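Can you read through this structure? Questions will come right after.
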Protein chains: 2
Amino acid sequence: MTTDTMNGTEQHYRIGDFAEMTGLTSPTLRYYEKEGLVKPHRSENGLRYYTDADVNWIKFLLHLKSTGMSIDQLKKYVQWRAEGDATIPKRLDLLKSVREDFMKKMDDLDHSLTILNDKIDWYSGKTDGRISDSEGFAEYLENMNHAE
Amino acid sequence: MTTDTMNGTEQHYRIGDFAEMTGLTSPTLRYYEKEGLVKPHRSENGLRYYTDADVNWIKFLLHLKSTGMSIDQLKKYVQWRAEGDATIPKRLDLLKSVREDFMKKMDDLDHSLTILNDKIDWYSGKTDGRISDSEGFAEYLENMNHAE
DNA sequence: GTTAGACTTTAAGTCAACTTCAAACAATTA
DNA sequence: TAATTGTTTGAAGTTGACTTAAAGTCTAAC
């Protein structure tokens, strides 16, 4: 039972409010619309309005975007979505491959964090004398078994 | 005891080889040099050459870069590095703040991965009938206690 | 009813981080 | 020695993702 079926009202959000709700700006939303990523409705007088479904969609889209998907890749997903349930397998495959790539990227980021931590430790060791003046960072990494 | 002290030879790498070693391109290396991120040496005839120390530096720089640091921010770090050990505290502070920001960003990425996983599960559930036709993704997330 | 602020459009501008180009010089290979 | 490949420079071009501008229309508050 959704809010809709409960009271028959559907919230309409104008672009400014919707922008605030999603953390985007109005120009960005018009840009996304031009790129086909979101399709707001129009009131009689020509003003855009967005609904709660659009809020959910944009939130999910922003998650996809933060995995590294480009506007062009998102566009493909949106097109499939518009074609209906028949494209669910395609969408599923796309999301799985996005996940694959994303997890690899996160592994790299984890490694970068390790190196960053090591460098901070190494500097700290230099500062408090825990690490000898002559020990370079490369050797330090090697001793920690942290390649690169 | 370093390789240097062991045999007195120091490897010299020309820009193409160095590019391959670091995963960058020659133009990118020239661009980084112009921005002050790396200072190769020059042989008598004017050709750039890089050393193992430069390899280590670029590798570290790329880790910093993948935490989200911009060329401009890296430039600041490089300047401090050139000023000698007196700036170690500054560099340490900078790296710690970079780490702070980076860890927050990784938390966000973790969350995006969660949502992506949920969406994949949801689609899979739709496909194999495990999730009812009428259950939307937003409700599914709510049931999983995964906000947004 | 007037006015400030939000909205509409199309088009041009911005930004970071490269990438490509052109023309001349250096090094390697046949 | 000739040809090919690599390097040099400065400057211009590219890309993705917005952002800003300009000029007009709509809405809400007073």
Side-chain angles (χ1 to χ4, degrees), chain A residues 11-51 54 57-78 98 101-102 105 108 112, chain B residues 11-51 54 57-78 98 101-102 105 108 112:
Chain A
Q11 292 289 338
H12 287 197
Y13 309 107
R14 284 169 50 178
I15 196 168
D17 293 331
F18 187 70
E20 193 160 351
M21 292 169 75
T22 55
L24 299 172
T25 66
S26 299
T28 300
L29 283 166
R30 293 191 196 98
Y31 166 70
Y32 280 6
E33 181 179 351
K34 200 181 66 182
E35 294 300 314
L37 300 189
V38 60
K39 265 202 197 47
H41 312 262
R42 297 282 177 153
S43 54
E44 298 163 12
N45 42 53
L47 298 192
R48 287 171 181 83
Y49 69 84
Y50 300 80
T51 67
D54 296 318
W57 163 242
I58 289 286
K59 281 182 179 171
F60 177 60
L61 175 144
L62 291 178
H63 283 300
L64 286 188
K65 202 161 128 30
S66 64
T67 69
M69 282 181 80
S70 67
I71 302 286
D72 272 6
Q73 289 176 301
L74 290 167
K75 218 181 291 190
K76 192 163 80 178
Y77 183 86
V78 172
V98 165
D101 296 349
F102 186 45
K105 226 167 18 180
D108 288 349
S112 286
Chain B
Q11 292 289 337
H12 286 197
Y13 309 107
R14 282 168 50 178
I15 196 166
D17 293 331
F18 187 70
E20 194 160 351
M21 293 169 76
T22 56
L24 299 172
T25 66
S26 300
T28 299
L29 283 165
R30 294 191 197 99
Y31 165 70
Y32 280 5
E33 181 180 352
K34 201 181 64 179
E35 294 299 315
L37 299 188
V38 61
K39 268 204 195 49
H41 311 259
R42 297 281 178 156
S43 54
E44 297 163 11
N45 42 51
L47 299 192
R48 288 171 180 83
Y49 69 84
Y50 300 80
T51 67
D54 296 318
W57 162 241
I58 289 285
K59 281 183 178 169
F60 177 60
L61 175 143
L62 291 178
H63 282 300
L64 285 187
K65 201 161 129 30
S66 64
T67 69
M69 281 182 82
S70 67
I71 303 284
D72 271 6
Q73 288 176 303
L74 290 168
K75 218 181 289 190
K76 192 163 80 177
Y77 184 86
V78 172
V98 165
D101 296 351
F102 186 46
K105 228 168 19 184
D108 287 350
S112 286

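This structure is a prediction, so every number in the text was calculated from the model and none was measured.
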Check: Side-chain N or O of B:Thr28 less than 4.0 angstrom from OP1 or OP2 on C:dT19?
Finding: yes
Note to self: Taking side-chain contact (heavy atoms from CB on, under 4.5 Å) as the definition, give me every residue that meets it alongside B:Val98, ordered by chain and number, with sequence neighbours left out.
What the structure shows: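 side-chain contact (heavy atoms from CB on, under 4.5 Å) list for B:Val98, sorted by chain: A:Leu116, B:Thr67, B:Met69, B:Leu94.
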Margin query: Can you list, in residue-number order, the parts of residues 36-50 of chain A that come under 4.0 Å of DNA chain D, counting heavy atoms only?
Written below: A:Asn45, A:Leu47
Note to self: Among residues at least two apart in sequence or on other chains, which ones pass side chain to side chain donor-acceptor pair (under 3.5 Å) with A:Tyr77?
What the structure shows: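 Partners of A:Tyr77 by the side chain to side chain donor-acceptor pair (under 3.5 Å) criterion, ordered by chain and then number, come out as B:Tyr123.
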Margin query: Could you work out, with ring pair (Phe, Tyr, Trp, His ring centres under 6.0 Å) as the rule, every residue matching A:Tyr13, not counting sequence neighbours?
Written below: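 If we apply the ring pair (Phe, Tyr, Trp, His ring centres under 6.0 Å) test to A:Tyr13, skipping adjacent residues, there are no hits.
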Margin query: At a heavy-atom distance below 4.0 Å, what parts of residues 64-72 of chain B sit against DNA chain C?
Written below: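 Heavy-atom contacts with DNA chain C come from B:Lys65, B:Ser70, B:Ile71.
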Item checked: Shortest non-hydrogen separation from A:His12 to A:Tyr49 and the atoms involved -> CE1-CE1, 3.2 Å
Next item on the list: Verify the neighbour count for atom NZ of B:Lys39: are there more than 12 heavy atoms of other residues, nucleotides or ligands below 6.0 Å?
Entry: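 No.
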Check: Please give, in whole Å, the distance from C:dC7 P to A:Leu29 CG?
Finding: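 Distance, rounded to whole Å: 10 Å.
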Next item on the list: Can you pull out how bent the helix from C:dG1-D:dC30 to C:dA30-D:dT1 is, comparing the axes over its first five and last five pairs, to 10°?
Entry: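 Overall, the helix from C:dG1-D:dC30 to C:dA30-D:dT1 bends by 20° from one end axis to the other.
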Note to self: Holding to salt bridge (Lys or Arg N to Asp or Glu O under 4.0 Å), I want the full list of residues that pass it with A:Lys75, two or more places apart in sequence or in another chain.
What the structure shows: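 By the salt bridge (Lys or Arg N to Asp or Glu O under 4.0 Å) rule, A:Lys75 matches A:Glu35, A:Asp72.
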Checklist line | Minimum heavy-atom distance A:Ile58-A:Leu29, with the two atoms named | finding: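 Minimum heavy-atom contact is CD1-CD2, 4.4 Å.
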Note to self: Checking A:Arg48 now: which residues fulfil salt bridge (Lys or Arg N to Asp or Glu O under 4.0 Å) with it, not counting sequence neighbours?
What the structure shows: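 Counting only residues at least two positions away or on another chain, A:Arg48 forms a salt bridge (Lys or Arg N to Asp or Glu O under 4.0 Å) with A:Glu33.
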Checklist line | Nucleotides bounding contact with chain A, strand DNA chain D, heavy-atom threshold 4.0 Å | finding: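 Answer, 5' to 3': D:dA17 to D:dA28.
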Check: Do the side chain of B:Asp54 and the main chain of B:Thr51 share a donor and acceptor less than 3.5 angstrom apart?
Finding: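 Checking the backbone N and O of B:Thr51 against the side chain of B:Asp54, a donor-acceptor pair under 3.5 Å is found.
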Next item on the list: For B:Leu74 and C:dA17, give me the distance from atom CG to atom C1', rounded to whole Å.
Entry: 12 Å
Check: Is any side-chain heavy atom of A:Val38 closer than 4.5 Å to a side-chain heavy atom of A:Leu61?
Finding: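 Not in contact.
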Margin query: Checking A:Arg30 now: which residues fulfil salt bridge (Lys or Arg N to Asp or Glu O under 4.0 Å) with it, not counting sequence neighbours?
Written below: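 Checked A:Arg30 against salt bridge (Lys or Arg N to Asp or Glu O under 4.0 Å); zero matches.
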Check: Mapping B:Lys34 and B:Ile15 to their closest nucleotides on DNA chain D, which lands nearer the 5' end?
Finding: B:Ile15
Notebook entry, point to check: Is there any ring-ring contact (aromatic ring centres under 6.0 Å, His included) pair reaching into residues 15-38 of chain B, and which pairs are they, with sequence neighbours excluded?
Noted result: B:Phe18-B:Tyr50
Next item on the list: Check DNA chain D against residues 17-27 of chain A and give the residues with a non-hydrogen atom under 4.0 Å, in numerical order.
Entry: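 Under 4.0 Å from DNA chain D: A:Thr25, A:Pro27.
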Check: Can you tell which of C:dA17, C:dT8, C:dT28 lies closest to the side chain of B:Tyr31?
Finding: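 Minimum distance to the B:Tyr31 side chain belongs to C:dA17.
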Checklist line | NZ on A:Lys59 to OG on B:Ser112, rounded to 0.5 Å | finding: 13.0 Å
Check: Does A:Ser70 offer a backbone N or O that forms a donor-acceptor pair with the side chain of A:Gln73 under 3.5 Å?
Finding: yes
Notebook entry, point to check: Phosphate oxygens OP1/OP2 of C:dT8: is one of them under 4.0 Å from a side-chain N or O of A:Arg30?
Noted result: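 Yes, because at least one side-chain N or O of A:Arg30 sits under 4.0 Å from OP1 or OP2 of C:dT8.
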Note to self: Nearest 0.5 Å, please: how far is CH2 in B:Trp57 from CG in B:Leu64?
What the structure shows: 6.5 Å
Notebook entry, point to check: Considering all heavy atoms of both residues, which atom of A:Thr25 and which atom of A:Ala19 are nearest to each other, and what is their separation?
Noted result: C-CB, 3.9 Å
